[in-house]
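Structure first, then comments.
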Amino acid sequence: MKDFISLHDCSKEEIEALLKLALKLKDEQKKGIAHNHLKGKTLGMIFTKSSTRTRVSFEVGMTQLGGYPLFLSSADIQLGRGETIYDTAKVLERYLDGIMIRTFSHQDVLDLAEHADIPVINALTDLLHPCQVLADLQTIYEHKGKLEGLKLAYVGDGNNMTNSLMYGCGKMGLDCAVATPKGYEPDGTVTELAKADFAKSGATLTITNDPVEAVKNADIIYTDTWVSMGQESEKAERIKLFSGYQVDETLVANAKDDYVFMHCLPAYRGFEVSEGVIDGKNSIIFDEAENRLHAQKAVMVTLMS
Ligand code: CP
Ligand code: NVA
């Protein structure tokens, strides 16, 4: 594994190894055991979109591993003024031991990984958000004691989270049911590729426009914002269109009694999720956010040490 760009590129065994390492690093950190796997190494962190969790968890994770995180806002580096991805890759590989990038175009991340001789980690594109889903799988495992055989229901916009969740569920054998409004289904190419993962693991993938059907007997209910970064101009239209897709008390009543509610955050209470659900007893959103730290440390140790 040179890069971490898509869960579809990882084998089930590779994902299992990352999860195992994440749990070990978490346990060590809780016990105050220092781990200096990346002593003397530097991670460049390119951001062309906003972030709270990703930026802080990568910076803290790198520091805990004895390395140095270097924040590179696209507003400050020449990439933001039109320098090519190729030249950026060729220059940064001379200084850095790894690059983490959050940007709009997924192709830019693929190009960066192709041209840089150092590991590249995808910290969110318009298409995928694999670091989030790795942390989500860790969180589900911690709460449910297993992954295989569970049912995850995703309700809302078929976006980068949905795409990565389909890959994660397909690889790890969770049944996945996605409910979106018509025209807002997950990416067609990702869906086709994910189907191969589901066929291999034996889990099922359902894509529907009916939230009740998706949530029926679910172990996990997941949602995300209706307005992703870059879609701000469509906000009013989207809020109208998605109004029947709020995860609220009535909808979650269709899930198993011990269902858990998940959201990658940032959340918008009263839109994609009701206050009662996101702040209720089944919500595990802050465990999820915490696990970004541990899961990404596992990715960095695996790729960079
Ligand atoms: N979930 C997530 O990636 O959060 P940030 O946008 O705050 O990094
Ligand atoms: N779908 C959201 C996820 C944020 C972590 C976005 O892309 O803005």
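All residue numbers in this chain count up from 1 along the given sequence. Every value quoted in this text rests on a predicted model; they were computed, and no experiment measured them. All ligand and atom numbering here is 1-based and tracks the order in the structure.
Taking every non-hydrogen atom of Asn159 and a distance limit under 4.0 Å, the qualifying atoms of ligand 2 come out as 1 (N). Of all atoms in ligand 2, numbered sequentially from 1 with element shown, those under 4.0 Å from a heavy atom of Leu265 are 5 (C). Less than 4.0 angstrom separates some heavy atom of His129 from each of these atoms of ligand 1: 2 (C), 3 (O).
When each of Lys41, Met304, Lys297, Lys39 is paired with Leu65, the side chain to side chain contact (heavy atoms under 4.5 Å, CB included) condition holds for Lys297 and for no other.
Protein heavy atom closest to atom 3 (C) of ligand 2, with residue, atom name and distance, is Asp224 OD2, 3.6 Å. Nearest non-hydrogen protein atom to atom 4 (O) of ligand 1 is Arg53 NE, 2.8 Å. Ranking protein heavy atoms by distance to atom 7 (O) of ligand 1, first place goes to Thr52 N, 2.7 Å. For atom 7 (O) of ligand 2, the closest non-hydrogen atom on the protein side is Asn160 ND2, 2.8 Å. Leu124 CD1, 3.9 Å is the protein heavy atom nearest to atom 4 (C) of ligand 2. The protein heavy-atom contact nearest to atom 6 (O) of ligand 1 is Arg102 NH1, 2.8 Å. From the protein, the heavy atom lying nearest to atom 2 (C) of ligand 1 is Arg292 NH1, 3.3 Å.
No close placement of the Tyr184 and Tyr245 rings is indicated, their centers lying 6.0 Å or farther apart.
Phe47 CZ: more than 12 foreign heavy atoms inside a 6.0 Å radius. By the neighbour-count criterion of 12 heavy atoms within 6.0 Å, atom NZ of Lys90 is densely surrounded, having more than that number from other residues, nucleotides or ligands. Annotation for Tyr86: atom OH does not count as buried by contact number, only 12 or fewer foreign heavy atoms lying within 6.0 Å. Taking a 6.0 Å sphere around CZ of Phe261, one finds it holds more than 12 heavy atoms contributed by other residues, nucleotides or ligands.
At a 4.0 Å heavy-atom cut-off, ligand 1 touches Leu265 through the backbone alone. Within the 4.0 Å heavy-atom criterion, the part of Gln132 lying near ligand 1 is the side chain and not the backbone.
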- Query: Hey, mind stepping through Glu213 and Thr208 against side chain to side chain donor-acceptor pair (under 3.5 Å) and telling me if it holds?
  - Reply: CA-CA 8 Å; Glu213 181 196 342; Thr208 171; 3.0 Å; yes
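Between the side chain of Thr88 and the backbone N or O of Thr84 there is at least one donor-acceptor pair closer than 3.5 Å.
Checked against a 3.5 angstrom limit, the closest N/O atoms of Lys49 and ligand 2 fall outside it. For ligand 2, one of its N or O atoms has an N or O atom of Met229 under 3.5 Å away. The N/O atoms of Thr225, backbone and side chain alike, include none that comes under 3.5 Å of an N/O atom in ligand 2. For ligand 1, the polar-atom distance check against Met229 finds no nitrogen or oxygen pair separated by under 3.5 Å.
At a 4.0 Å cut-off, not a single heavy atom of Asp126 sits close enough to ligand 2 to count as contact.
A donor and an acceptor atom, one from each side chain of Glu142 and Asn291, are located under 3.5 Å apart.
Leu38 CG to Gln64 CD: the interatomic distance, rounded to the nearest 0.5 Å, is 11.5 Å. Atom CG of residue Asp136 and atom CE of residue Met172 lie 13.0 Å apart, to the nearest 0.5 angstrom.
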